[in-house]
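A quick write-up on the structure given underneath.
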Amino acid sequence: MPGPKPLPGWIARAAAEPIDAAAFRSGAALAHLALVAAADVPLPLWRDRLALAAAETCVAMAGRREGQGALRDALHLTRAGGDPGPAGRILRQWSRAVARPISVAGLDRLLDGIAPEQIGLCLDTAGPTPVDRAAAVIETVLADTPRAETAALILADAVLARGWGQGHAVPLLSLALKPRDLGLRGDDLRLACHRAVAAGAAQAVSLASDLARAATRLRAVTPKLRAGGAGRAVDLFLSREALTPGAFDFMSDRAARRLCDRLVDLGAVRELTGRETFRLYGL
Amino acid sequence: MGSDVKNARKETVFDRGLADLPADLRWREWLCRIEAVLFASASPVPRDNLARVVGPGASLDLLIEDLAVELEGRPYEVAQVGTGWMLRTKPAYAPAIRAAADVGGKALNLSEHDLAVLAAIAFHQPISRDGLKDIFGKEISRDLIGRLAVRELIGTGPREPRRGAPYTFVTTDVFLATFGMASLRDLPDPEQLDDSGLAAL
């Protein structure tokens with residue numbers, strides 16, 4: 001299977017450039033990305049893994065140092081309804097944001113401190129291109145609530161995603177914007193966003209091809225799995241970027257652990273933590 | 001006050017929308033309700049709870065803004081804390097309040113060591129008792145953790161991925177409110193602490 005093609009180098013990178021050149025690249029990047037997303041990519045899984053990277057950016061913007069491993073741990077080792085701590089909360093926001101279709105009600109539940117009316121206004125923002133609309137969202141949200149970087153980026157990536165034909169938020173800007181970019185205004189911010197979309201799309205496309213290959217491998221070994229519930233477990237692996245065996249609540253704990261080990265042996269799933277206990281598995 | 005709130009809840013239909021009132025009186029009543037709810041609560045009231053006492057289409061932010069304007073001449077103000085709001089006295093009146101009753105210090109009633117542990121949790125959260133032991137060089141007692149938890153300054157966070165899976169502790173919105181912070185970003189900058197040699201705290 002050929003899989004998604006990487007983003008051509010001229011789209012992914014450029015030196016200092018005027019805004020129209022950056023806008024040309026961001027448009028080309030989104031067009032390429034739309035083709036990739038329409039191909040055989042496990043989209044929920046792809047978005048969930050992108051959400052992890054986006055959360056890492058947002059955690060750093062909040063002045064914290066947790067890396068992706070610590071974020072995963074915080075999310076997966078918190079009992080249902082518990083408080084995963086300041087960094088874990090950001091990852092939880094992101095993974096919920098990409099898991100459900102974009103809606104005012106859904107985003108309102110996630111984004112504390114942002115009024116539903118403002119979420120509605122953000123989603124209806126006008127502008128010549130999706131990237132310009134996303135930049136306007138960042139500027140508006142941060143003008144009202146300067147520290148709401150995570151909310152601003154979730155809303156911006158949601159608006160952007162709608163612009164290139166997605167029903168779910170897809171982290172792109174959040175992969176590549178730098179903390180200082182969020183201090184920019186007007187054309188400077190729009191330029192930073194166009195550049196970030198091209199850079200973010202390059203990462204997203206390369207992740208999409210990795211995950212497409214991994215998903216093909218996983219589907220290929222699925223018929224070899226005899227455990228009851230293996231099919232449902234495979235579906236979960238194709239929608240969540242990391243799982244504890246405890247997530248397979250439709251099988252016994254022991255069976256879930258055996259299945260995960262077997263999938264690792266078959267090379268279809270990776271153990272993500274390198275630990276002997278409290279292991280997390282994912283593609 | 002408290003009993004009024006209870007009675008209002010007991011009524012089978014609580015009229016959120018107040019459709020039979022003219023617009024200005026309706027707005028007025030919503031303002032009063034929000035102020036009453038904030039007044040009755042010792043801890044920050046989340047947005048969703050406030051949204052329940054006003055019409056579904058009403059902008060909570062505009063109402064809060066109006067309330068803030070209304071309270072301008074008063075010795076207390078509406079403050080955003082974490083994801084909610086609370087009424088609190090303005091800092092200028094702290095000396096008067098202390099002179100009258102020494103409320104602030106007594107309400108918390110924590111030792112210096114308790115507060116140091118609380119600060120360590122705030123900066124290093126999520127952190128377990130073992131993590132705190134590494135920072136302070138001695139065992140942090142369950143009693144101390146209990147004192148902080150009973151005051152709702154801390155809650156439990158994720159478990160640590162190691163033997164025994166100890167629970168970590170995280171600070172709460174009550175913690176933010178108690179120390180007059182809107183978010184954890186109001187904590188002193190860790191880099192400043194590094195520079196001044198306080199990083200170990």
Side-chain angles (χ1 to χ4, degrees), chain A residues 58-59 61-66 69-93 105 108-121 144-151 179 242 244 246 271-280, chain B residues 44 46-48 50-51 54 56-65 80-85 121-128 131 152 154-176 181-194:
Chain A
C58 291
V59 163
M61 284 181 179
R64 305 191 60 89
R65 296 170 189 175
E66 284 91 346
L71 287 174
R72 265 189 194 130
D73 284 350
L75 190 65
H76 291 276
L77 297 174
T78 303
R79 67 191 185 294
D83 182 347
R89 277 198 295 271
I90 290 178
L91 176 57
R92 191 167 64 182
Q93 276 184 311
D108 179 40
R109 274 195 296 277
L110 290 180
L111 305 177
D112 300 322
I114 310 287
E117 306 91 75
Q118 194 181 4
I119 294 171
L121 287 175
D144 283 356
T145 37
R147 284 169 166 181
E149 293 95 347
T150 302
T244 63
E271 199 287 312
L272 302 167
T273 67
R275 287 192 294 254
E276 287 301 318
T277 52
F278 305 99
R279 295 180 133 188
L280 294 171
Chain B
R47 169 183 289 275
D48 291 352
L50 285 181
V54 301
S59 163
L60 204 51
D61 293 271
L62 288 181
L63 282 161
I64 297 273
E65 259 175 48
Q80 178 154 23
V81 176
T83 59
W85 287 275
I121 291 173
F123 276 107
H124 297 279
Q125 62 185 304
I127 186 168
S128 64
E152 294 179 57
I154 60 168
T156 51
R159 300 188 123 174
E160 271 186 1
R162 40 195 200 81
R163 181 182 280 276
Y167 271 112
T168 59
F169 304 105
V170 295
T171 55
T172 59
D173 279 356
V174 174
F175 165 81
L176 294 177
M181 290 184 261
S183 87
L184 289 173
R185 310 270 286 275
D186 292 335
L187 284 169
D189 184 357
E191 276 174 23
Q192 277 173 18
L193 292 182
D194 276 346

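In the text below, chain A, chain B and the rest are named by the order of the sequence lines, each starting its count at 1.
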Between the CD atom in Gln125(B) and the CG atom in Asp83(A), the distance rounded to the nearest 0.5 Å is 8.0 Å

Could you state the interatomic distance from CZ (Arg162(B)) to CZ (Arg275(A)), rounded to the nearest 0.5 Å?
11.0 Å

Contact origin within Thr171(B) toward chain A - heavy atom pairs under 4.5 Å
backbone

Nearest heavy atoms of Gly157(B) and Arg79(A), plus distance in Å:
O-NH1, 4.5 Å

So which heavy atom on Phe278(A) is nearest to which on Pro161(B), and how close?
CD1-C, 3.3 Å

The interface call for Arg109(A) against chain B, heavy-atom contacts under 4.5 Å, is neither

Under 4.5 Å from any heavy atom of chain B, what part of Arg64(A) do you find: side chain, backbone, both or neither?
side chain

Measure distances from Phe169(B) to the heavy atoms of chain A and classify the residue's part below 4.5 Å as side chain, backbone, both or neither.
neither

So do Asp73(A) and Pro158(B) actually touch side chain to side chain, heavy atoms under 4.5 Å?
no

For Ala182(B), is it the side chain, the backbone, both, or neither that has a heavy atom closer than 4.5 Å to a heavy atom of chain A?
neither

All N/O donor-acceptor pairs, side-chain side in residues 112-121 of chain A, below 3.5 Å, sequence neighbours left out:
unit_1: Glu117(A); atom_1: OE1; unit_2: Ser59(B); atom_2: OG; d: 2.9
unit_1: Gln118(A); atom_1: NE2; unit_2: Asp144(A); atom_2: OD2; d: 3.2

For the interface with chain B, which of Ala62(A), Ala74(A), Gly88(A), Gly85(A) has the highest count of heavy-atom pairs at distances below 4.5 Å?
Ala62(A)

Sorted by chain and number, sequence neighbours left out, salt bridge (charged side-chain N to carboxylate O under 4.0 Å, His left out) with Asp61(B) holds for Arg47(B)

Given Leu75(A), Thr78(A), Leu77(A), the one with more heavy-atom pairs under 4.5 angstrom with chain B than any other is Leu77(A)

Relative to chain B, which segment of Glu66(A) carries a heavy atom at a distance below 4.5 Å: side chain, backbone, both, or neither?
side chain

